[in-house]
Amino acid sequence: MIQKPKGTYDVYGQNSKQILYIEQLMKSLMEKYNYEYFRTPVFENSDLFNRAVGETTDVVTKETYDFLDRSERKMTLRPEGTAGMCRSFVENKMYGTYSMPVKCWYYGPMYRYERPQSGRFREFYQIGVEVFGSDSPNIDAEVISIPVNFYKLIGLKGIKVNINTLGDKESRENYKEALINHFKPHINNLCSDCQERFLKNPLRILDCKIDASNEIMKTAPKTIDYLNQVSKDHFTKVKEALDALDIDYIVNPGIVRGLDYYTHTVFEVEADIKGFGSNNVLCGGGRYNGLISAIGGPEISGVGFALGLERLLNAINAEAIELPINDTVNAYIIPMSEEEQSYAMGLTQSLRLNGFTVEMDYMSRKLTNNFKQADKLNSEFIIIIGEEEIKNKTLTIKNNKTKEEYKIKETEVIDFLDEFIKGDE
RNA sequence: GCGAUUAUGGUGAAGUGGUUAACACGGCGGAUUGUGGUUCCGUUACUCAAGGGUUCGAUUCCCUUUAGUCGCCCCA
(Lines give C-alpha, C1' and ligand atoms only; values in the text may rest on other atoms or scores of the structure.)
Protein backbone atom coordinates (compact mmCIF):
# COMPACT_ATOMS: atom_id res chain seq x y z
CA MET A 1 0.00 0.00 0.00
CA ILE A 2 1.49 3.31 -1.07
CA GLN A 3 0.78 6.06 1.39
CA LYS A 4 0.61 9.77 0.92
CA PRO A 5 3.83 11.61 1.66
CA LYS A 6 4.39 12.57 5.25
CA GLY A 7 2.79 15.84 6.20
CA THR A 8 0.32 15.93 3.31
CA TYR A 9 -3.39 15.32 3.39
CA ASP A 10 -6.24 14.49 1.07
CA VAL A 11 -9.26 16.72 0.93
CA TYR A 12 -12.73 15.20 0.83
CA GLY A 13 -15.99 15.10 2.74
CA GLN A 14 -16.87 17.92 5.12
CA ASN A 15 -13.37 19.30 4.85
CA SER A 16 -13.73 19.75 1.13
CA LYS A 17 -16.98 21.65 1.52
CA GLN A 18 -15.46 23.96 4.12
CA ILE A 19 -12.48 24.67 1.93
CA LEU A 20 -14.59 25.50 -1.11
CA TYR A 21 -16.66 27.84 1.00
CA ILE A 22 -13.60 29.61 2.38
CA GLU A 23 -12.05 29.99 -1.07
CA GLN A 24 -15.21 31.47 -2.44
CA LEU A 25 -15.58 33.84 0.50
CA MET A 26 -12.02 35.08 0.07
CA LYS A 27 -12.56 35.54 -3.64
CA SER A 28 -15.60 37.71 -3.09
CA LEU A 29 -13.93 39.70 -0.30
CA MET A 30 -10.91 40.40 -2.49
CA GLU A 31 -13.19 41.60 -5.25
CA LYS A 32 -14.64 44.14 -2.88
CA TYR A 33 -11.22 45.31 -1.80
CA ASN A 34 -10.28 45.50 -5.48
CA TYR A 35 -7.31 43.14 -5.30
CA GLU A 36 -6.32 41.23 -8.41
CA TYR A 37 -5.79 37.48 -8.34
CA PHE A 38 -2.22 36.49 -9.24
CA ARG A 39 -0.90 33.01 -9.75
CA THR A 40 2.80 32.27 -9.74
CA PRO A 41 4.60 28.92 -10.10
CA VAL A 42 4.75 26.44 -7.26
CA PHE A 43 8.49 26.13 -7.88
CA GLU A 44 11.00 28.84 -8.57
CA ASN A 45 14.75 29.13 -8.94
CA SER A 46 16.28 28.44 -5.55
CA ASP A 47 18.11 31.77 -5.64
CA LEU A 48 14.86 33.66 -5.39
CA PHE A 49 14.12 32.29 -1.95
CA ASN A 50 17.70 32.55 -0.79
CA ARG A 51 17.66 36.23 -1.56
CA ALA A 52 14.10 37.11 -0.68
CA VAL A 53 13.45 35.05 2.42
CA GLY A 54 16.97 35.25 3.77
CA GLU A 55 19.91 32.87 3.62
CA THR A 56 20.16 32.59 7.38
CA THR A 57 16.52 31.86 8.09
CA ASP A 58 15.40 28.42 9.19
CA VAL A 59 12.86 28.37 6.40
CA VAL A 60 15.59 28.54 3.77
CA THR A 61 18.40 26.68 5.49
CA LYS A 62 16.56 23.60 6.62
CA GLU A 63 12.97 23.54 5.46
CA THR A 64 12.92 23.88 1.69
CA TYR A 65 12.18 21.18 -0.82
CA ASP A 66 15.03 21.56 -3.29
CA PHE A 67 15.62 19.62 -6.46
CA LEU A 68 17.57 19.71 -9.67
CA ASP A 69 15.42 19.53 -12.75
CA ARG A 70 16.46 17.40 -15.70
CA SER A 71 18.68 20.18 -16.97
CA GLU A 72 20.36 20.49 -13.59
CA ARG A 73 18.69 23.76 -12.69
CA LYS A 74 18.37 24.36 -8.96
CA MET A 75 14.71 24.60 -8.10
CA THR A 76 12.81 25.00 -4.85
CA LEU A 77 9.19 24.36 -4.06
CA ARG A 78 7.98 27.67 -2.71
CA PRO A 79 8.01 27.82 1.11
CA GLU A 80 5.95 31.03 1.11
CA GLY A 81 4.18 33.27 -1.35
CA THR A 82 5.69 36.72 -1.12
CA ALA A 83 8.94 36.00 -2.94
CA GLY A 84 7.17 34.71 -6.03
CA MET A 85 4.72 37.59 -6.07
CA CYS A 86 7.57 40.10 -5.87
CA ARG A 87 9.44 38.28 -8.61
CA SER A 88 6.38 38.44 -10.79
CA PHE A 89 5.87 42.11 -10.06
CA VAL A 90 9.44 42.90 -11.04
CA GLU A 91 9.75 40.52 -13.98
CA ASN A 92 6.52 41.75 -15.56
CA LYS A 93 7.51 45.35 -14.92
CA MET A 94 4.22 46.13 -13.30
CA TYR A 95 5.71 49.28 -11.86
CA GLY A 96 5.46 50.60 -15.38
CA THR A 97 2.24 49.13 -16.63
CA TYR A 98 -0.01 49.26 -13.58
CA SER A 99 -0.95 52.33 -11.63
CA MET A 100 0.24 52.25 -8.05
CA PRO A 101 -0.40 50.75 -5.70
CA VAL A 102 -0.56 47.30 -7.25
CA LYS A 103 -2.83 45.27 -5.03
CA CYS A 104 -2.92 41.55 -5.55
CA TRP A 105 -3.77 38.30 -3.79
CA TYR A 106 -2.86 34.66 -4.19
CA TYR A 107 -3.92 31.29 -2.96
CA GLY A 108 -2.09 28.02 -3.18
CA PRO A 109 0.08 25.32 -1.67
CA MET A 110 3.40 26.04 0.03
CA TYR A 111 6.04 23.49 0.99
CA ARG A 112 8.23 23.25 4.04
CA TYR A 113 10.11 20.18 5.17
CA GLU A 114 9.17 20.16 8.85
CA ARG A 115 7.87 17.68 11.39
CA PRO A 116 4.10 17.76 11.11
CA GLN A 117 2.05 18.57 14.16
CA SER A 118 -1.17 20.29 15.02
CA GLY A 119 -1.83 23.00 12.43
CA ARG A 120 1.37 22.27 10.55
CA PHE A 121 1.87 20.32 7.35
CA ARG A 122 4.60 19.92 4.77
CA GLU A 123 2.23 20.89 2.04
CA PHE A 124 -0.06 23.60 3.30
CA TYR A 125 -2.21 26.25 1.76
CA GLN A 126 -1.86 29.95 2.20
CA ILE A 127 -4.04 32.80 1.13
CA GLY A 128 -2.07 35.99 0.94
CA VAL A 129 -2.11 39.56 -0.19
CA GLU A 130 0.62 41.91 -1.40
CA VAL A 131 0.49 45.63 -2.07
CA PHE A 132 3.34 47.15 -4.03
CA GLY A 133 4.27 50.76 -4.44
CA SER A 134 2.74 52.61 -1.53
CA ASP A 135 4.41 53.88 1.62
CA SER A 136 1.14 54.99 3.07
CA PRO A 137 0.51 53.74 6.60
CA ASN A 138 -3.11 53.51 5.55
CA ILE A 139 -2.16 50.67 3.25
CA ASP A 140 -0.60 48.85 6.20
CA ALA A 141 -3.91 49.22 7.97
CA GLU A 142 -5.90 48.10 4.95
CA VAL A 143 -3.77 44.98 4.69
CA ILE A 144 -4.29 44.21 8.37
CA SER A 145 -8.00 44.77 7.98
CA ILE A 146 -8.33 42.04 5.35
CA PRO A 147 -7.70 38.99 7.51
CA VAL A 148 -9.51 40.63 10.41
CA ASN A 149 -12.63 41.17 8.34
CA PHE A 150 -12.26 37.80 6.70
CA TYR A 151 -12.25 36.06 10.07
CA LYS A 152 -15.16 38.20 11.16
CA LEU A 153 -17.17 37.17 8.09
CA ILE A 154 -16.45 33.55 8.83
CA GLY A 155 -17.71 34.09 12.33
CA LEU A 156 -14.56 33.55 14.37
CA LYS A 157 -14.76 35.18 17.77
CA GLY A 158 -11.49 34.42 19.51
CA ILE A 159 -9.04 36.34 17.42
CA LYS A 160 -6.41 38.77 18.59
CA VAL A 161 -4.39 41.19 16.48
CA ASN A 162 -0.82 41.83 17.61
CA ILE A 163 1.16 44.57 15.94
CA ASN A 164 4.65 45.92 16.28
CA THR A 165 7.16 47.87 14.28
CA LEU A 166 10.72 47.07 13.42
CA GLY A 167 11.28 50.52 11.99
CA ASP A 168 13.10 51.24 8.78
CA LYS A 169 16.42 49.65 7.97
CA GLU A 170 18.42 52.14 10.01
CA SER A 171 16.23 51.79 13.09
CA ARG A 172 16.23 48.04 12.77
CA GLU A 173 20.03 47.84 12.68
CA ASN A 174 20.41 50.19 15.66
CA TYR A 175 17.97 48.18 17.63
CA LYS A 176 19.60 44.90 16.79
CA GLU A 177 22.92 46.23 18.01
CA ALA A 178 21.38 47.47 21.25
CA LEU A 179 19.86 44.06 21.83
CA ILE A 180 23.15 42.30 21.29
CA ASN A 181 24.86 44.62 23.75
CA HIS A 182 22.11 44.05 26.25
CA PHE A 183 22.13 40.27 26.14
CA LYS A 184 25.81 39.67 25.65
CA PRO A 185 26.84 39.82 29.33
CA HIS A 186 23.93 37.55 30.32
CA ILE A 187 24.06 35.07 27.52
CA ASN A 188 24.84 32.16 29.85
CA ASN A 189 21.69 32.77 31.87
CA LEU A 190 19.46 32.28 28.88
CA CYS A 191 18.04 29.00 27.66
CA SER A 192 19.96 27.05 25.07
CA ASP A 193 17.54 28.06 22.33
CA CYS A 194 18.10 31.69 23.15
CA GLN A 195 21.84 31.24 23.01
CA GLU A 196 21.32 29.94 19.53
CA ARG A 197 19.04 32.85 18.69
CA PHE A 198 21.59 35.30 19.96
CA LEU A 199 23.88 34.26 17.17
CA LYS A 200 21.35 33.85 14.40
CA ASN A 201 18.55 36.30 15.02
CA PRO A 202 18.72 38.23 18.28
CA LEU A 203 15.28 39.74 17.72
CA ARG A 204 13.73 36.34 18.26
CA ILE A 205 14.97 36.13 21.83
CA LEU A 206 12.15 38.50 22.67
CA ASP A 207 9.41 36.00 22.08
CA CYS A 208 11.02 33.15 23.97
CA LYS A 209 8.53 31.46 26.24
CA ILE A 210 11.08 29.92 28.57
CA ASP A 211 12.94 33.09 29.40
CA ALA A 212 9.86 35.30 29.40
CA SER A 213 10.00 35.85 33.16
CA ASN A 214 13.75 36.47 33.22
CA GLU A 215 14.79 39.93 34.51
CA ILE A 216 17.02 40.43 31.49
CA MET A 217 13.98 40.17 29.26
CA LYS A 218 12.07 42.79 31.14
CA THR A 219 14.92 45.26 30.98
CA ALA A 220 15.63 44.57 27.32
CA PRO A 221 15.63 47.59 25.06
CA LYS A 222 12.34 48.26 23.31
CA THR A 223 12.09 48.76 19.57
CA ILE A 224 10.18 51.94 20.19
CA ASP A 225 13.23 53.61 21.75
CA TYR A 226 15.36 52.96 18.71
CA LEU A 227 13.00 54.23 16.07
CA ASN A 228 13.97 57.26 14.10
CA GLN A 229 11.35 59.94 13.54
CA VAL A 230 10.22 58.57 10.18
CA SER A 231 9.64 55.12 11.66
CA LYS A 232 7.82 56.52 14.68
CA ASP A 233 5.52 58.60 12.53
CA HIS A 234 4.75 55.67 10.32
CA PHE A 235 3.79 53.46 13.22
CA THR A 236 1.67 56.16 14.84
CA LYS A 237 -0.25 56.61 11.62
CA VAL A 238 -0.79 52.89 11.21
CA LYS A 239 -2.36 52.78 14.66
CA GLU A 240 -4.53 55.79 13.87
CA ALA A 241 -5.69 54.12 10.68
CA LEU A 242 -6.53 50.93 12.56
CA ASP A 243 -8.58 52.97 15.00
CA ALA A 244 -10.37 54.57 12.08
CA LEU A 245 -11.20 51.09 10.80
CA ASP A 246 -12.38 50.10 14.26
CA ILE A 247 -9.90 47.26 14.52
CA ASP A 248 -8.81 46.21 18.00
CA TYR A 249 -5.13 45.47 18.35
CA ILE A 250 -2.43 45.01 20.91
CA VAL A 251 1.01 46.49 20.49
CA ASN A 252 3.26 43.57 21.23
CA PRO A 253 7.00 44.27 21.13
CA GLY A 254 7.65 40.53 20.98
CA ILE A 255 6.34 40.25 17.44
CA VAL A 256 9.45 40.19 15.31
CA ARG A 257 8.64 37.70 12.50
CA GLY A 258 11.01 35.10 11.23
CA LEU A 259 11.64 36.14 7.66
CA ASP A 260 14.37 38.66 6.97
CA TYR A 261 12.46 40.94 4.69
CA TYR A 262 10.22 42.71 7.18
CA THR A 263 10.56 46.43 7.97
CA HIS A 264 8.24 48.82 9.79
CA THR A 265 4.88 47.27 10.57
CA VAL A 266 4.71 43.60 11.46
CA PHE A 267 1.63 41.84 12.71
CA GLU A 268 0.16 38.49 13.64
CA VAL A 269 -3.38 37.38 14.12
CA GLU A 270 -3.76 34.75 16.81
CA ALA A 271 -6.53 32.34 17.57
CA ASP A 272 -7.29 33.10 21.18
CA ILE A 273 -9.38 30.00 21.56
CA LYS A 274 -9.63 27.73 24.56
CA GLY A 275 -8.10 24.35 23.93
CA PHE A 276 -6.44 25.46 20.72
CA GLY A 277 -3.03 24.02 19.93
CA SER A 278 0.31 25.72 20.08
CA ASN A 279 0.40 26.73 16.43
CA ASN A 280 -2.15 29.40 17.07
CA VAL A 281 -0.88 32.10 14.74
CA LEU A 282 -3.49 32.13 11.99
CA CYS A 283 -1.99 34.90 9.97
CA GLY A 284 1.16 36.95 9.81
CA GLY A 285 2.56 39.72 7.73
CA GLY A 286 4.03 43.16 7.51
CA ARG A 287 5.87 45.66 5.42
CA TYR A 288 8.96 44.80 3.40
CA ASN A 289 10.36 47.94 1.89
CA GLY A 290 13.71 46.58 0.78
CA LEU A 291 12.58 43.36 -0.77
CA ILE A 292 11.72 44.42 -4.30
CA SER A 293 15.10 46.05 -4.77
CA ALA A 294 16.85 43.11 -3.16
CA ILE A 295 15.61 40.83 -5.92
CA GLY A 296 16.64 43.24 -8.66
CA GLY A 297 13.68 45.58 -8.94
CA PRO A 298 13.42 49.29 -8.34
CA GLU A 299 13.15 50.86 -4.86
CA ILE A 300 9.51 50.07 -4.39
CA SER A 301 7.90 49.23 -1.11
CA GLY A 302 5.55 46.39 -0.27
CA VAL A 303 3.17 45.21 2.43
CA GLY A 304 1.43 41.88 2.72
CA PHE A 305 0.19 39.04 4.80
CA ALA A 306 -0.37 35.32 4.51
CA LEU A 307 -2.89 33.24 6.34
CA GLY A 308 -2.79 29.50 6.83
CA LEU A 309 -5.79 27.60 5.55
CA GLU A 310 -5.30 24.56 7.80
CA ARG A 311 -5.04 26.68 10.92
CA LEU A 312 -8.11 28.60 9.92
CA LEU A 313 -10.02 25.34 9.60
CA ASN A 314 -8.70 24.26 12.99
CA ALA A 315 -10.01 27.46 14.50
CA ILE A 316 -13.37 27.09 12.78
CA ASN A 317 -13.71 23.60 14.17
CA ALA A 318 -12.42 24.57 17.61
CA GLU A 319 -15.12 27.22 17.84
CA ALA A 320 -17.64 24.81 16.30
CA ILE A 321 -18.63 27.33 13.67
CA GLU A 322 -21.19 26.08 11.19
CA LEU A 323 -20.30 27.43 7.80
CA PRO A 324 -23.31 28.02 5.55
CA ILE A 325 -22.62 25.00 3.40
CA ASN A 326 -25.32 23.88 1.03
CA ASP A 327 -25.64 20.19 1.57
CA THR A 328 -28.78 19.49 -0.34
CA VAL A 329 -29.71 18.11 -3.69
CA ASN A 330 -32.78 19.49 -5.44
CA ALA A 331 -33.95 16.21 -6.85
CA TYR A 332 -33.12 12.53 -6.75
CA ILE A 333 -34.31 10.50 -9.69
CA ILE A 334 -35.25 6.87 -9.30
CA PRO A 335 -35.64 4.68 -12.36
CA MET A 336 -37.80 1.70 -11.37
CA SER A 337 -35.71 -0.70 -13.40
CA GLU A 338 -32.86 -0.85 -15.88
CA GLU A 339 -35.40 -0.11 -18.61
CA GLU A 340 -35.91 3.42 -17.38
CA GLN A 341 -32.25 4.27 -16.75
CA SER A 342 -31.61 6.00 -20.04
CA TYR A 343 -34.75 8.07 -19.75
CA ALA A 344 -33.69 8.98 -16.22
CA MET A 345 -30.26 10.02 -17.43
CA GLY A 346 -31.78 12.30 -20.01
CA LEU A 347 -34.01 13.90 -17.44
CA THR A 348 -31.14 14.24 -14.99
CA GLN A 349 -28.99 16.00 -17.53
CA SER A 350 -31.73 18.34 -18.63
CA LEU A 351 -32.51 19.37 -15.06
CA ARG A 352 -28.82 19.91 -14.32
CA LEU A 353 -28.42 22.12 -17.37
CA ASN A 354 -31.39 24.13 -16.18
CA GLY A 355 -29.62 24.93 -12.96
CA PHE A 356 -30.77 22.24 -10.57
CA THR A 357 -28.60 19.99 -8.48
CA VAL A 358 -29.67 16.49 -9.40
CA GLU A 359 -28.59 12.97 -8.63
CA MET A 360 -30.00 9.71 -9.90
CA ASP A 361 -29.72 6.05 -9.05
CA TYR A 362 -27.11 4.22 -11.13
CA MET A 363 -27.01 1.24 -8.82
CA SER A 364 -30.37 -0.31 -9.65
CA ARG A 365 -31.25 -0.24 -6.00
CA LYS A 366 -34.47 -1.50 -4.64
CA LEU A 367 -37.07 1.20 -4.17
CA THR A 368 -36.71 1.00 -0.41
CA ASN A 369 -33.01 1.63 -0.57
CA ASN A 370 -33.47 4.40 -3.05
CA PHE A 371 -35.67 6.29 -0.63
CA LYS A 372 -32.99 5.90 1.97
CA GLN A 373 -30.46 7.18 -0.52
CA ALA A 374 -32.60 10.22 -1.29
CA ASP A 375 -32.66 11.08 2.40
CA LYS A 376 -28.96 10.63 2.70
CA LEU A 377 -28.46 13.14 -0.06
CA ASN A 378 -30.90 15.56 1.59
CA SER A 379 -32.87 15.58 -1.59
CA GLU A 380 -35.73 18.05 -1.68
CA PHE A 381 -37.62 16.09 -4.33
CA ILE A 382 -37.80 12.52 -5.45
CA ILE A 383 -38.75 11.75 -9.03
CA ILE A 384 -39.86 8.23 -9.78
CA ILE A 385 -39.65 6.95 -13.33
CA GLY A 386 -41.41 3.74 -14.32
CA GLU A 387 -43.00 2.22 -17.39
CA GLU A 388 -46.19 4.11 -16.83
CA GLU A 389 -44.49 7.48 -16.51
CA ILE A 390 -42.61 7.06 -19.74
CA LYS A 391 -45.73 5.90 -21.55
CA ASN A 392 -47.85 8.84 -20.34
CA LYS A 393 -45.03 11.42 -20.46
CA THR A 394 -45.73 12.31 -16.87
CA LEU A 395 -43.52 12.31 -13.83
CA THR A 396 -44.27 11.19 -10.32
CA ILE A 397 -42.57 13.76 -8.14
CA LYS A 398 -42.59 13.70 -4.41
CA ASN A 399 -41.77 16.57 -2.11
CA ASN A 400 -39.49 14.87 0.35
CA LYS A 401 -40.26 17.31 3.12
CA THR A 402 -44.05 17.38 3.02
CA LYS A 403 -44.31 13.87 1.52
CA GLU A 404 -46.88 15.20 -0.93
CA GLU A 405 -46.84 13.47 -4.27
CA TYR A 406 -47.69 15.01 -7.62
CA LYS A 407 -48.25 13.75 -11.12
CA ILE A 408 -47.04 16.34 -13.57
CA LYS A 409 -46.37 16.50 -17.29
CA GLU A 410 -42.72 16.02 -18.09
CA THR A 411 -42.70 19.37 -19.88
CA GLU A 412 -43.68 21.12 -16.68
CA VAL A 413 -41.08 19.72 -14.36
CA ILE A 414 -38.71 22.68 -14.63
CA ASP A 415 -41.40 25.20 -13.80
CA PHE A 416 -42.55 22.97 -10.99
CA LEU A 417 -39.12 22.75 -9.38
CA ASP A 418 -38.44 26.41 -10.02
CA GLU A 419 -41.50 27.42 -8.12
CA PHE A 420 -40.66 25.34 -5.07
CA ILE A 421 -36.96 25.92 -4.93
CA LYS A 422 -36.97 29.62 -5.66
CA GLY A 423 -39.85 30.14 -3.28
CA ASP A 424 -37.67 28.57 -0.62
CA GLU A 425 -34.87 31.06 -0.94
C1' G B 1 16.84 18.61 13.52
C1' C B 2 15.21 16.80 18.86
C1' G B 3 11.49 14.37 22.11
C1' A B 4 6.85 11.69 23.59
C1' U B 5 3.04 8.50 21.99
C1' U B 6 0.13 5.41 18.76
C1' A B 7 -0.80 1.81 14.45
C1' U B 8 -6.56 -4.24 14.64
C1' G B 9 -12.35 -4.37 8.99
C1' G B 10 -15.48 0.91 5.18
C1' U B 11 -15.83 3.55 10.35
C1' G B 12 -15.59 3.51 15.98
C1' A B 13 -13.27 0.11 18.63
C1' A B 14 -12.53 -4.91 22.34
C1' G B 15 -9.04 -8.70 22.79
C1' U B 16 -5.28 -13.00 23.51
C1' G B 17 1.85 -16.28 23.22
C1' G B 18 -1.68 -21.36 20.64
C1' U B 19 -8.18 -24.41 17.71
C1' U B 20 -13.87 -19.96 14.40
C1' A B 21 -10.27 -12.17 16.06
C1' A B 22 -15.74 -9.63 20.35
C1' C B 23 -19.28 -5.73 19.97
C1' A B 24 -21.39 -1.30 17.62
C1' C B 25 -22.18 1.67 13.32
C1' G B 26 -22.09 1.78 8.15
C1' G B 27 -22.54 -0.98 3.29
C1' C B 28 -25.00 -4.67 0.48
C1' G B 29 -29.02 -8.35 0.04
C1' G B 30 -33.76 -10.30 1.76
C1' A B 31 -38.64 -10.26 4.49
C1' U B 32 -41.64 -6.06 1.11
C1' U B 33 -41.34 -7.77 -7.80
C1' G B 34 -44.32 0.87 -7.48
C1' U B 35 -43.53 4.33 -2.09
C1' G B 36 -39.30 4.18 2.20
C1' G B 37 -36.71 6.42 6.41
C1' U B 38 -39.24 1.57 12.20
C1' U B 39 -38.38 -3.67 12.83
C1' C B 40 -36.38 -8.53 11.78
C1' C B 41 -32.94 -11.88 9.16
C1' G B 42 -28.55 -12.80 6.27
C1' U B 43 -23.85 -10.99 4.65
C1' U B 44 -19.59 -7.88 5.27
C1' A B 45 -11.11 -9.02 8.65
C1' C B 46 -7.86 -16.47 5.23
C1' U B 47 -6.28 -11.31 9.11
C1' C B 48 -4.41 -7.49 13.31
C1' A B 49 0.72 -0.92 9.17
C1' A B 50 5.29 -3.16 6.46
C1' G B 51 9.82 -6.00 7.02
C1' G B 52 12.95 -8.85 10.18
C1' G B 53 13.98 -11.51 14.96
C1' U B 54 12.76 -14.61 19.55
C1' U B 55 9.55 -19.06 19.93
C1' C B 56 7.26 -25.61 18.62
C1' G B 57 3.79 -21.43 17.65
C1' A B 58 2.93 -14.18 17.54
C1' U B 59 -1.93 -9.98 15.90
C1' U B 60 0.03 -10.28 20.97
C1' C B 61 7.33 -10.04 23.11
C1' C B 62 11.93 -7.50 20.70
C1' C B 63 14.22 -4.56 16.59
C1' U B 64 13.87 -1.64 12.08
C1' U B 65 11.02 1.05 8.64
C1' U B 66 6.71 3.76 7.27
C1' A B 67 2.74 6.68 8.80
C1' G B 68 -0.65 9.19 12.44
C1' U B 69 -1.06 12.31 16.83
C1' C B 70 1.23 15.80 20.25
C1' G B 71 5.33 18.92 22.09
C1' C B 72 10.28 21.69 21.21
C1' C B 73 12.60 24.60 17.40
C1' C B 74 10.61 27.42 13.52
C1' C B 75 6.51 29.19 11.04
C1' A B 76 0.97 30.25 8.47
Side-chain angles (χ1 to χ4, degrees), chain A residues 1-9 13 53-54 56-64 78-82 107-129 147 191-197 200-201 204 207-210 255-259 262 267-271 276-286 304-315 332 334-337 339-340 363-379 382-389 396-401 403-405 407:
Chain A
M1 177 60 193
I2 296 171
Q3 298 169 301
K4 65 186 179 314
K6 189 182 179 110
T8 64
Y9 60 97
V53 180
T56 59
T57 56
D58 279 7
V59 168
V60 161
T61 55
K62 40 189 221 198
E63 296 174 4
T64 51
R78 62 182 180 196
E80 55 93 58
T82 300
Y107 169 60
M110 307 293 162
Y111 300 85
R112 290 184 200 171
Y113 192 87
E114 297 181 277
R115 282 284 276 272
Q117 67 189 65
S118 175
R120 187 160 81 189
F121 296 88
R122 287 183 171 182
E123 178 184 69
F124 59 101
Y125 278 72
Q126 285 189 337
I127 301 174
V129 151
C191 72
S192 57
D193 288 330
C194 280
Q195 296 183 17
E196 186 76 11
R197 291 179 183 117
K200 280 172 32 191
N201 187 352
R204 290 224 69 92
D207 65 9
C208 178
K209 292 164 198 86
I210 300 170
I255 303 291
V256 293
R257 316 290 307 140
L259 311 180
Y262 289 106
F267 71 98
E268 288 182 355
V269 183
E270 272 179 28
F276 204 72
S278 60
N279 284 317
N280 65 340
V281 175
L282 298 184
C283 164
F305 78 82
L307 69 87
L309 181 70
E310 295 77 10
R311 289 182 188 186
L312 172 58
L313 288 170
N314 269 1
Y332 181 71
I334 305 175
M336 285 308 300
S337 71
E339 304 296 308
E340 291 85 24
M363 303 293 287
S364 305
R365 290 186 174 85
K366 309 222 81 168
L367 196 59
T368 308
N369 293 331
N370 262 327
F371 277 110
K372 287 184 192 170
Q373 187 63 15
D375 287 334
K376 219 168 273 178
L377 296 171
N378 290 319
S379 188
I382 296 170
I383 299 175
I384 298 164
I385 315 279
E387 249 177 284
E388 225 172 287
E389 280 81 359
T396 301
I397 180 161
K398 185 166 180 170
N399 182 322
N400 203 25
K401 205 185 287 171
K403 309 300 177 204
E404 278 174 278
E405 194 167 295
K407 297 269 184 197

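Convention: sequence-line order gives letters A, B, ...; per-chain numbering from 1.
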Would you classify [X] as touching base, sugar-phosphate or nothing, given that sugar-phosphate means primed atoms plus P, OP1 and OP2, and contacts are heavy atoms under 4.0 Å?
| X | result |
| --- | --- |
| A/Lys398 | base |
| A/Gln373 | nothing |
| A/Glu268 | nothing |
| A/Gly119 | base |
| A/Arg120 | base |
| A/Asn370 | nothing |
| A/Ile384 | base |
| A/Thr396 | base |
| A/Gly386 | base |
| A/Asn400 | base |
| A/Gly81 | nothing |
| A/Phe121 | base |

Which heavy atom of [X] sits nearest to which heavy atom of [Y], and what is that distance?
| X | Y | answer |
| --- | --- | --- |
| A/Leu312 | A/Leu282 | N-CD2, 4.2 Å |
| A/Pro116 | A/Lys6 | CD-CE, 3.8 Å |
| A/Lys403 | A/Lys398 | O-CE, 3.7 Å |
| A/Phe276 | A/Arg311 | CZ-O, 3.9 Å |
| A/Tyr262 | A/Gly286 | CE2-N, 3.3 Å |
| A/Asn279 | A/Gln117 | ND2-NE2, 3.3 Å |

**Euclidean distance for C1', B/C70 against B/U38 (whole angstrom)** = 44 Å
Taking atom types as they are modelled, would you say the side chain of [X] forms a donor-acceptor pair with the base of [N] within the 3.5 Å cutoff?
| X | N | result |
| --- | --- | --- |
| A/Lys403 | B/G37 | yes |
| A/Glu405 | B/U35 | yes |
| A/Glu389 | B/G34 | yes |

**Prompt:** Which dot-bracket notation, 5' to 3', represents the base pairing of RNA chain B when pairs are defined as Watson-Crick or G-U with both distances under 3.5 Å, crossing pairs as [ ], and inter-strand pairs as |?
**Reply:** (((((((..(((.....[....)))((((((.......))))))....(((((..]....))))))))))))....
Grab the N/O contacts between the protein and nucleotides 42-45 of chain B below 3.5 Å, and write none if there aren't any.
none

**Request:** Check whether any side-chain N or O of A/Ser278 sits under 4.0 Å from OP1 or OP2 of B/C70, and answer yes or no.
**Result:** no
Nucleotides 64-66 of chain B: which of its N/O atoms have a protein N/O under 3.5 Å away?
residue	atom	partner	partner atom	Å
B/U66	O2'	A/Gln3	OE1	2.6

**Request:** Determine whether A/Leu377 and A/Gln373 make a side-chain contact, defined as any pair of heavy atoms from C-beta on separated by less than 4.5 Å.
**Result:** yes
**Prompt:** Under 5.5 Å between ring centres and under 30° between planes: true for A/Phe124 and the base of B/A76?
**Reply:** yes
**Request:** Let me know, please, whether A/Gly7 or A/Val59 comes out on the 5' side of the other along RNA chain B by nearest nucleotide.
**Result:** A/Gly7
**Message:** Is it true that A/Glu123 and A/Tyr111 share a donor-acceptor pair across their side chains at a distance under 3.5 Å?
**Reply:** yes
